[in-house]
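In this text the structure is predicted, and so the values were computed from the model without any measurement. Just so it is clear: chains get the letters A, B, ... in the order the sequence lines come, proteins before strands, and each one is counted from 1. What's counted below: heavy atoms across the whole structure, side chains too, no hydrogens, waters or symmetry copies.
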Amino acid sequence: MRWSQYYLYTTREVPKDAEVISHQLMTRAGMIKKLAAGIYTYTPFGFRSISKMMAIVRRELDRAGAMELSMPAVQPAELWQESGRWQEYGKELLRMRDRHDRDFCFGPTHEEVITDMVRHDVRSYKQLPINLYQIQVKFRDEIRPRFGLMRGREFLMKDAYSFHADGASLDATYQDMRDAYCRIFEACGLDYTVVEADSGTIGGSSSHEFMVLAQTGESAIVRCDESGYAANTEKAEAGELPAPPPGPASEETPDQPQQVATPGLTTVEEVAEFLGVEPSQMLKTMIYTSEQEELVAVAIRGDREINEVKLANHLDVKHLALASEGEVTGATGAPVGFAGPVGLTKVSRLIADHSVRSMSRFVCGANAADAHLTGVEWGRDAEPTEWADLLLVGEGDPCPSSGKPMTLSRGIEVGHIFKLGDKYSKSMGCQFLNDKGQGNPMIMGCYGLGIGRTVAAAIEQGNDADGIIWPRPLAPFEVLLIALNPQDDEVRQAAEALYGELQERGVEVLYDDRKERPGVKFKDADLIGVPVRLVVGKRGLTEGKIEFSLRANPRERHSVDVADAAAKVGELLE
RNA sequence: CGGGGCGUGGCGCAGUCUGGUAGCGCACCUGCUUUGGGAGCAGGGGGUCCCCAGUUCGAAUCUGGGCGCCCCGACCA
């Protein structure tokens, strides 16, 4: 490809709305153009990387026995009503009407469509298992699209769905897909980790996420080097936390709680400081509401935070919110900031996190304005209706397996695999007949992988002050051939000859034949990050030499005889 | 959905407070010089100042309404 005729326009300036490095570099390198919030065009240059990513995905999934198909982007509401998600999915689902006033949506995912297809075609256990995938444009109307391709509204995703007669078959395919994903991300040269994850609105039991480690990642994960345990903090569990020391004992009334005045002190930190105790000796009581419209109280240690994903799962609700001021006052008889478990009768449930089980003589709100209680004991003064794991796990918490401290880091979620079970097959009547002639819902798995996001993640991991450093498998071109002074006959002829030779060899080469100054060409070369750089210039040519270097190691430059250059490139690309 | 900010040549911005014929840098076109790390000089093209309505002799600028975009938050009792 001759750059002088190619659709590739770089910019020197960083667009003002690009915050993360991958977004800045993809924009500056002319790979993507924004059309609207979270909606991008891939330019020919950008699309080459996207295509390479798709090719890797296809290769590995085909190898894992999955079959590619293509489903509609626009889907009728009926299917979503059947699965229940027309109600559940909320505003992220882009809904629309056709000319006959029929409801449709732009698919954010395709469980309904694939299940609908399979239930019509598959009758017998003899036809199972089946594993189908597509690479498709999806649309999710995110609250706040940002970070370029990392969190767009319209995006390219590979999604696969498997159908099974039993759990063992699902387990086998799940493992195959997990292995395929590992091969895919390894092929992309990414530093990634597999973590246990919450299954979210898709539903189902087991699930794993593939995280590319990057400080700009939007997901938090904890890991234990000792045991290998790794999980998204939405899902992560911790071993038992060390018990905090008992709070101060009351001299006059050692066998009952004592009410103390805490005027205007509503936060754990304020009360702890005022009373001279540690936040870990306090009990925090939060009032939540959900679509079930009942108020529940949740108790957690004062220095810790509630994991709302765990709480929503425990309550089996879709949407959770902290209760309003009015609801809190109605439930506790006090303003926000003074809730506690003692005498809390107006909520239906008091759910206590395991972190508060070992607490003794703790401090909590008194359910009265400007007052807290000290010296409170479980059993004697209050009793939760249930215990649960609601802890948001943090840095240094003990690993649930080894007990060693875990580390917290950030990751970009590039893949997510689920064991769905029969959630969709049951609600949508996707059944098969077993060997005894009985009808059963199929067992399903589903497997997502963000194409654009993975390419962006590769840039997050591969860049320097001058631009992108592509992992070779995702690079738009393998070789950048620069004719430094194309107006010089000798230089041009040598570069043209080499260009032809590289093409003969099947090398993906971008030939910079533009009438630009050397400085511009070098800067652009660094920016677009093509792995191998060849420079034909007057200086070297007088000695019959061509210079080559690798983008990953820009300072190391080598000379090679003109005649050997193409062979040398072939060698480098081996 | 709350709070804040911004819409002015392709991109980044000034001008708006205090109304008076729209400017700068980059990019683009022409010419000359330059040519191994984003060149210099000279000349040139390109803008419904987001949209609608209003105030005014006169609106990018003031008023009202709308649209779009960006950032923060939507959570620790």
In whole angstrom, give me the gap between the P atoms of B/G12 and B/C52. 23 Å
For a quick test of reading the model: is some side-chain N or O of A/K91 closer than 4.0 Å to OP1 or OP2 of B/C1? no
Which of the following nucleotides, B/G38, B/A77, B/C71, is nearest to the side chain of A/R146? B/C71
Need one value for A/I300: base, sugar-phosphate or nothing, where a base atom within 4.0 Å counts as base even if backbone is also close, heavy atoms only. nothing
If the P atom of B/A60 is compared with that of B/C17, how far apart are they to the nearest Å? 12 Å
Does a side-chain N or O from A/R517 land closer than 4.0 Å to OP1 or OP2 of B/U34, or not? no
Complementary nucleotide for B/U21 - Watson-Crick or wobble, under 3.5 Å: none
When the ring planes of A/W387 and A/H354 are compared, do they come out parallel, tilted or perpendicular, using 30° and 60° as the limits? parallel
The answer to which of A/K284 and A/K538 contacts RNA chain B further toward the 5' end, by nearest nucleotide, is A/K538
How is A/V328 classified with respect to the nucleic acid when contacts are heavy atoms under 4.0 Å: base, sugar-phosphate, or nothing? base
Within the structure shown, what part of the strands sits under 4.0 Å from A/R533 by heavy-atom distance: base, sugar-phosphate, or nothing? base
Pairwise P distance for B/C6 and B/C13, with rounding to whole Å: 12 Å
Taking the same atom, P, in B/C29 and in B/G23, what whole-Å distance lies between them? 23 Å
At under 4.0 Å between heavy atoms, what does A/G537 touch on the DNA or RNA strands: base, sugar-phosphate, or nothing? base
Base, sugar-phosphate, or nothing: which does A/A299 touch, judged by heavy atoms less than 4.0 Å apart? nothing
So A/R301, base contact, sugar-phosphate only, or nothing? Heavy-atom distance under 4.0 Å. nothing
Quiz question: going by heavy-atom distance under 3.5 Å, is there a donor-acceptor pair between the base of B/G36 and the side chain of A/E547? yes
Over all strands shown, is A/G337 touching base, sugar-phosphate only, or nothing at heavy-atom distances under 4.0 angstrom? base
